[in-house]
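Here's the structure we're looking at; comments come further down.
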Amino acid sequence: MPELPEVETTRRGIEPHINHQTINDVVVRNHALRWPIPKQLRQKIRKQQIQAVERRGKYLLIRLETGTVIIHLGMSGSLRICTVSTAAEKHDHVDFIFGNNKILRLRDPRRFGAVLWTAKDPATHKLLSSLGPEPLEDDFNGLYLFEHSRKRTASIKSVIMNSHIVVGVGNIYACESLFLAGINPKRKAGSLSLARCNKLVSAIKKVLAQSITQGGTTLRDFIRENGEPGYFAQKLLVYGRAGEPCAKCGSSIKQITQQQRSTFYCTQCQK
DNA sequence: AGTGCGGCCTGTCCGC
DNA sequence: TGCGGACAGGCCGCAC
């Protein structure tokens, strides 16, 4: 499910329900996520009040009094607010139970996600310490991408999807951004001019910002129950459209594989 | 240091 | 209807 817009939509959705609430209890039904959920999680976080609900890249940060719960939704994770009377289903692995009878419930069928605990500044955590800038912040700009792609022989698609260069650009939005910028996903990152880096960064910001806005439109329903963020309402121009006509030139959208991931692009419009 | 795989999992869909 | 295989929105860790 989650690329950055979905994670941010989730953050905005859960924050008003859980911020400043006290965690009464934690139930872990399955510890086996990408990394084991710490055995001491329950004892570490019980009776603590949530200080803030933040996001860094695709990591959600639940700030408590003595540390931070780090949550990653992986490929199939979702968080929803329900009540203590809502029966847990097959892949509901973790419940954070609050004093107001509400539960923050993590569902993750593929279990690529993570729930971790750190008592230190989460920015210094191994998983977060070497992350690149946030895509919507000003320190991610054309010059930054230009400088960080020099001498790189990897494809531009793999570079913008590299979280050590910029966080939050997943497979879908990488494809969409490259289409908007007219750049071939296979192009070597080091061969892009500064002007084209500027154009690509603008496209990434535009696509992500637009998507967050659309996620927001379905926020209520999302939190209420169905778990579907604004994702499918999203107007995707190339992703998942192999064989369909390009929105710009009408030629057939092509699907290839890069780094074991599907790439969709227009061979006419993207050079 | 940068690049490119393997692997972690379950669910779904498609062709036979 | 059942079965095998491909594929899925992420990303660390490891070889080279």
Side-chain angles (χ1 to χ4, degrees), chain A residues 1-11 29-37 55-60 70-79 89-94 106-116 125-132 135 145 147-179 185-191 204 207-208 210-212 214-215 218 222 227-243 255-264:
Chain A
M1 173 186 305
E3 292 208 28
L4 185 140
E6 289 69 44
V7 178
E8 177 60 19
T9 298
T10 297
R11 191 197 67 74
R29 299 183 192 81
N30 189 347
H31 283 82
L33 299 189
R34 172 157 196 179
W35 295 282
I37 296 176
R55 178 187 60 76
R56 175 73 176 102
K58 293 176 187 168
Y59 294 93
L60 286 165
I70 300 172
I71 299 177
H72 197 290
L73 300 176
M75 205 89 122
S76 60
S78 61
L79 284 168
E89 294 182 30
K90 187 175 179 186
H91 300 295
D92 291 339
H93 306 312
V94 185
L106 173 72
R107 176 175 297 180
D108 186 2
R110 287 177 75 180
R111 289 191 278 122
F112 284 2
V115 177
L116 300 168
H125 189 278
K126 189 185 175 191
L127 293 173
L128 303 181
S129 62
S130 64
L131 292 179
L145 181 60
E147 288 174 345
H148 286 262
S149 57
R150 292 311 89 188
K151 295 184 181 169
R152 282 192 184 258
T153 57
S155 68
I156 184 61
K157 186 191 178 213
S158 70
V159 165
I160 61 174
M161 287 181 69
N162 182 342
S163 63
H164 301 288
I165 294 177
V166 59
V167 298
V169 182
N171 199 37
I172 292 179
Y173 297 123
C175 292
E176 295 297 309
S177 304
L178 287 161
F179 175 73
K186 291 189 289 187
R187 172 172 288 279
K188 292 193 189 315
S191 77
I204 290 170
V207 166
L208 291 177
Q210 210 169 37
S211 179
I212 289 172
Q214 293 189 10
T218 57
F222 170 46
E228 296 290 332
Y231 201 87
F232 296 102
Q234 169 76 246
K235 182 73 185 160
L236 300 172
L237 296 174
V238 287
Y239 186 85
R241 295 190 179 278
Q255 177 173 6
I256 60 171
T257 299
Q258 294 180 282
Q259 282 79 42
Q260 310 163 148
R261 310 294 296 275
S262 287
T263 297
F264 300 85

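Model, not experiment: these values are computed from the prediction. Per chain, numbering begins at 1; letters A, B, ... match sequence-line order.
- The shortest distance between side-chain heavy atoms of A:Leu145 and A:Val166 does not fall below 4.5 Å.
- Taking 4.0 angstrom as the limit, A:Tyr173 places none of its side-chain polar atoms (N or O) nearer than this to OP1 or OP2 of C:dG9.
- Looking only at distances, no side-chain donor or acceptor of A:Gln255 sits under 3.5 Å from a matching main-chain atom of A:Ala242.
- For A:Lys126 and C:dG13, the shortest distance from a side-chain N or O to OP1 or OP2 is below 4.0 Å.
- Remark: ring of A:Phe112 stacked against base of B:dC8; centroid gap under 5.5 Å, plane tilt under 30°.
- If you measure from atom NZ of A:Lys157 to atom C1' of B:dG4, you get 14 Å, rounded to the nearest angstrom.
- Residue A:Thr153 places at least one side-chain N or O under 4.0 Å from the OP1 or OP2 atom of B:dT3.
- Here the P atom of nucleotide B:dA1 and the CZ atom of A:Arg150 are 20 Å apart, to the nearest Å.
- The side-chain heavy atoms of A:Pro135 and A:Leu4, taken from C-beta on, include a pair separated by under 4.5 Å.
- Listed for the A:Ser177 side chain is a donor-acceptor partner under 3.5 Å among the backbone atoms of A:Tyr173.
- Contact between the side-chain N/O atoms of A:His72 and the OP1/OP2 oxygens of C:dC11 is found at a separation under 4.0 Å.
- We find that CG of A:Leu131 is positioned 9 Å from P of C:dC11, with the value rounded to whole Å.
- With a 3.5 Å ceiling on both atom-pair distances, the Watson-Crick or G-U wobble partner of B:dG11 is C:dC7.
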Problem - A:Arg261/A:Met161 under side chain to side chain contact (heavy atoms under 4.5 Å, CB included): CA gap, chis, key distance, verdict - result: CA-CA 11 Å; A:Arg261 310 294 296 275; A:Met161 287 181 69; 4.0 Å; yes
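- Across B:dC9, C:dC12, B:dT3, the shortest atom-to-atom separation from the side chain of A:Arg111 is found for B:dC9.
- In this structure, of C:dG9, B:dG11, C:dC12, it is B:dG11 that holds the atom nearest to the side chain of A:Pro109.
- A close approach under 4.0 Å does occur between a side-chain nitrogen or oxygen of A:Tyr59 and OP1 or OP2 of C:dC12.
- Within the nucleic acid shown, A:Leu127 comes within 4.0 Å of sugar-phosphate atoms alone, with no base atom in reach, counting heavy atoms only.
- Here A:Arg152 lies in heavy-atom contact (under 4.0 Å) with sugar-phosphate atoms only.
- Among the protein residues, A:Lys90 comes within range of the sugar-phosphate backbone only, with heavy atoms under 4.0 Å from sugar or phosphate atoms but none that close to a base.
- In this structure, A:Asn162 atom CG and B:dA1 atom P are separated by 15 Å, rounded to whole Å.
- In the set C:dG13, B:dG4, B:dG11, the nucleotide with an atom closest to the side chain of A:His91 is B:dG11.
- For the pair A:Arg111 (side chain) and A:Ala32 (backbone), a donor-acceptor distance under 3.5 Å is present.
- The shortest distance between the side-chain N/O atoms of A:Lys58 and the OP1/OP2 oxygens of C:dG9 is not below 4.0 Å.
- One finds a side-chain N or O of A:Gln260 lying less than 4.0 angstrom from the OP1 or OP2 phosphate oxygen of B:dG6.
- Residue A:Arg261 places none of its side-chain N or O atoms closer than 4.0 Å to OP1 or OP2 of C:dA8.
- Take the nearest nucleotide of DNA chain B for A:Ser155 and for A:Arg110: the residue whose nucleotide is more 5' is A:Ser155.
- Note on A:Ser158: nothing from the nucleic acid sits closer than 4.0 angstrom, heavy atoms only.
- In the set C:dG9, B:dC9, C:dA8, C:dG9 carries the atom at the smallest distance from any side-chain atom of A:Glu3.
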